[in-house]
Every structure is written in C-alpha cells, then in structure tokens.
Protein chains: 2
Amino acid sequence: MDERDVRLLKAIAELGTGSPERLHDETDIPVSTIHYRLSNLREEGVITNDRYDIDLEKLGLGVTVIVEVHADYEGSYEEFADRMLTVEGVTNVFFTMGETDFIVIARLSDSDMVERLIAEFEELEGVDRTDSTFVIAVIEERDALQSYELETLLEELTDD
Amino acid sequence: MDERDVRLLKAIAELGTGSPERLHDETDIPVSTIHYRLSNLREEGVITNDRYDIDLEKLGLGVTVIVEVHADYEGSYEEFADRMLTVEGVTNVFFTMGETDFIVIARLSDSDMVERLIAEFEELEGVDRTDSTFVIAVIEERDALQSYELETLLEELTDD
DNA sequence: ACTGAAAGGGCCAGAAC
DNA sequence: GTTCTGGCCCTTTCAGT
C-alpha cells in the first residue's frame, strides 16, 4: 500500500466510479497503470468486488468505534450533525429518539486515533457528553438488499 | 418499482457487479432491457453512482433501527451472531465491549416491520434483553475513505 | 514495477415491435 | 415498455522499458 494505491482508492470513493479513464483524469496516473494497480489490490483482497467495496481490515482501518453523543446545541440538528461530520473517521451519523441524541460510527486505524477522535468530539461546541463503545469484532456489514429474501423484497417494495 | 427492478437490484447486491451480461445470466432479463431499467433507476435517483450505491429512502427501506442486544448464549459469539443475521433487514452486527453485547443495525420499510423485527429478536435463543433505538434521520452514510482527507490517509495507510 | 499502443468486447443509441 | 442490432469507445491486455 503506497501513495498511488491510496490516491486511487480515495478517488474511487470520491468519484463513485471505478472507470480507469475517470480515475486517470482525477489522479494523472496512466490508464494502464491504474488497471495494473487495481488488479493487484483485487488480488490482495483490498477490493472485494466489481463495485469496489473495500476490506477495511486489509486497508488498515480495522478499528470501529460507536459513539453516543448527548448534545445541547443551538440551531438545527442538521447543522450540529454537519459539525460532527468534520471529524475524520466518522462514517455514519444517526439522529435518534430516546435518551441519546446522536449515534455515530467511526472507522479508525489504531487506538491512538480512538483517543484523538474522542478528544475531538468532546471539544465540539454543543457536545454535552459522549459515551464510546469499542467494537471487538465486526461480524457483518452487508447491503440492505442482501439482508432480505427476494420474496420479501417483492412483497415490500413493488407497487403493483 | 416493479418486480423486474427489484430482481435487478437484488442481483446487483448478490453478485457485487453491475455488468449487464452477468445480470442477464442471473435474472434472464435481456441485456438491453437491463440497460434500459438501470438507466431509469439512475434517473429516479435510486441508483446514485457507478458503484451502484442505493438510495434506501427512495427504494422504500428508509426506516433505520439500532438494536442493543444483551445476550447469554452457548457456544461462540460468531455462532450467535450468525443466528441474528438470519433476521431479515439486519445489515450490521457489531460485537462490542462494555455493557451491551451486540449492537445491530437494521433497515426496514415501515413501523410494522419494526415490530416484527423486535419480536423476532426476542424469540432468538440466547437473547436476554433488547433495547431498540429508532432513528429519526440518517444524516450521513459514507465510505471510510470519504471521511478522511487525502493527507491523513497517506500518513496512516502508506508503509514506506 | 510501469507504460504505450493495439485489439477485443461490452455498452449504448436508435429504430422497430 | 421492451427488444434487437451495429457501431463505437472504453477496458484490457501484453510486450517492451
């Protein structure tokens, strides 16, 4: 995993495409080299399928933390949530009913980054209290559509 | 959204590819029709990019629930987690430190399905207690790579 | 390991049903 | 709305660096 690999994977995430040509426009890496690199990343198992899903463990972002955020903020919850999104590593932000106000999921590289993340959260304006849960093992992460039987999907989603 | 659309989207999720030819093998829908359908789904905003990411709201799975599962099970946590994965709608299962044993995220179509989901969980062998949190708004769901600046990624992931 | 150039194949418009 | 077909362009390959 060197600079070019990282630039490529980042470009794929940002552009939402794996098209060698478009990636070339973004990164200035020659098209055939892009193909060569992606092919290697596939063999290493970093890229897992044609949709360019990433194995975060192999990439080096295998640490997952779930943070409950209790907040008391001015303005809308969207504005406040946007501020939380500036914290690097945060992938999901849910605005929830019940005791907690937000539930946040973050992907990090190591324990040092966990500390950094919590510190950044505590410093955010409007954050009252955070309650962090360390994830020992990510059992599964799959698409919503994968989690259903075809029959159930047909019942629930089709409007005849 | 009719049966063919659902079959297509399901096939994309299962195969991990958007290749019209492979989708034809799986669904028996003619290649050109697949192209026609996918093109429409893109315009409707159901498919959001070249990587076939799905807008769950537009698809009809816009309800998100987070379930904390307290468990007392025989055997390994993997075995127990696999049983939870049989519940339709469950997309993420995290095995966690601290008070709760598992944190589960599920995507559902409506409130009726939330009831059904909770009921199914309570009936699972080894489940002690569940604590469900209803998500009012999903603020953001993004790739881990998107959540980082390129510079940070280069620092954290490259092994020179 | 990287690249440029050539070739093969899937993708996409258009017309027809 | 669906299907078929041909031309085109992107992807992929591979030999050479």
Side-chain angles (χ1 to χ4, degrees), chain A residues 1-55 58-60 143 145 150-151 153-160, chain B residues 1-55 58-60 143 145 150-151 153-160:
Chain A
M1 187 71 53
D2 64 2
E3 171 163 348
R4 279 192 153 178
D5 287 333
V6 173
R7 280 185 190 279
L8 270 178
L9 294 171
K10 172 75 171 167
I12 290 171
E14 291 302 330
L15 298 176
T17 182
S19 154
E21 202 188 27
R22 306 235 355 239
L23 294 173
H24 163 71
D25 293 343
E26 182 79 7
T27 62
D28 276 330
I29 301 172
V31 175
S32 53
T33 305
I34 290 176
H35 184 258
Y36 173 72
R37 290 282 184 150
L38 294 184
S39 157
N40 283 346
L41 287 168
R42 278 220 173 75
E43 244 168 82
E44 291 164 29
V46 177
I47 296 171
T48 60
N49 59 25
D50 287 359
R51 295 175 55 208
Y52 298 88
D53 283 335
I54 302 292
D55 185 324
K58 291 212 170 114
L59 182 64
D143 290 345
L145 285 166
L150 178 59
E151 290 176 24
L153 290 174
L154 289 171
E155 278 172 36
E156 294 292 327
L157 302 181
T158 54
D159 34 33
D160 315 6
Chain B
M1 186 71 53
D2 64 2
E3 172 162 346
R4 278 192 154 177
D5 287 333
V6 172
R7 279 184 190 281
L8 269 178
L9 294 172
K10 172 73 171 168
I12 290 171
E14 291 302 331
L15 298 176
T17 183
S19 155
E21 202 190 24
R22 306 239 350 241
L23 294 173
H24 163 72
D25 293 342
E26 181 80 6
T27 62
D28 275 331
I29 300 171
V31 175
S32 51
T33 305
I34 290 175
H35 180 255
Y36 172 72
R37 292 285 184 144
L38 293 184
S39 155
N40 284 346
L41 287 168
R42 279 224 172 74
E43 243 167 82
E44 292 164 27
V46 177
I47 296 171
T48 59
N49 59 26
D50 287 359
R51 294 175 54 206
Y52 298 89
D53 284 336
I54 303 292
D55 185 324
K58 290 212 170 114
L59 182 64
D143 291 345
L145 286 165
L150 178 59
E151 288 176 25
L153 290 174
L154 289 172
E155 277 173 37
E156 293 293 327
L157 302 181
T158 55
D159 33 34
D160 313 11

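In what follows, chains carry the letters A, B, and so on, assigned in the order in which the sequence lines appear, proteins first and then strands, with residues in each chain numbered from 1.
Between B:D50 and A:Y52 there is no side-chain heavy-atom pair separated by less than 4.5 Å. Between A:V46 and A:L9, some side-chain heavy-atom pair lies under the 4.5 Å cut-off.
The pair A:R7-A:D28 fails the salt-bridge criterion, with no side-chain N (NZ, NE, NH1 or NH2) lying under 4.0 Å from an Asp/Glu carboxylate O.
B:R22 comes within contact range of no nucleotide atom at all, as no heavy-atom separation falls under 4.0 Å. Note on A:S19: only backbone sugar-phosphate atoms sit closer than 4.0 angstrom, heavy atoms only; bases stay farther off. Looking at heavy-atom distances under 4.0 Å, B:V31 makes no contact with the nucleic acid at all.
Close approach of DNA chain D to chain B, defined as any atom under 4.0 Å from a non-hydrogen atom of the protein, starts and stops at D:dG1 to D:dC4.
If you take OH of B:Y36 and P of C:dC11, they are 19 Å apart, rounded to a whole angstrom. We find that CG of B:L38 is positioned 10 Å from P of C:dC11, with the value rounded to whole Å.
Between the axis at the start and the axis at the end of the helix from C:dA1-D:dT17 to C:dC17-D:dG1 there is an angle of 30°, using five pairs per end and rounding to 10 degrees.
OP1 or OP2 of C:dC2 lies within a sub-4.0 Å distance of a side-chain N or O belonging to A:R37.
Each of B:E21 and A:T33 has a nearest nucleotide on DNA chain C; the 5'-most of these lies closest to A:T33.
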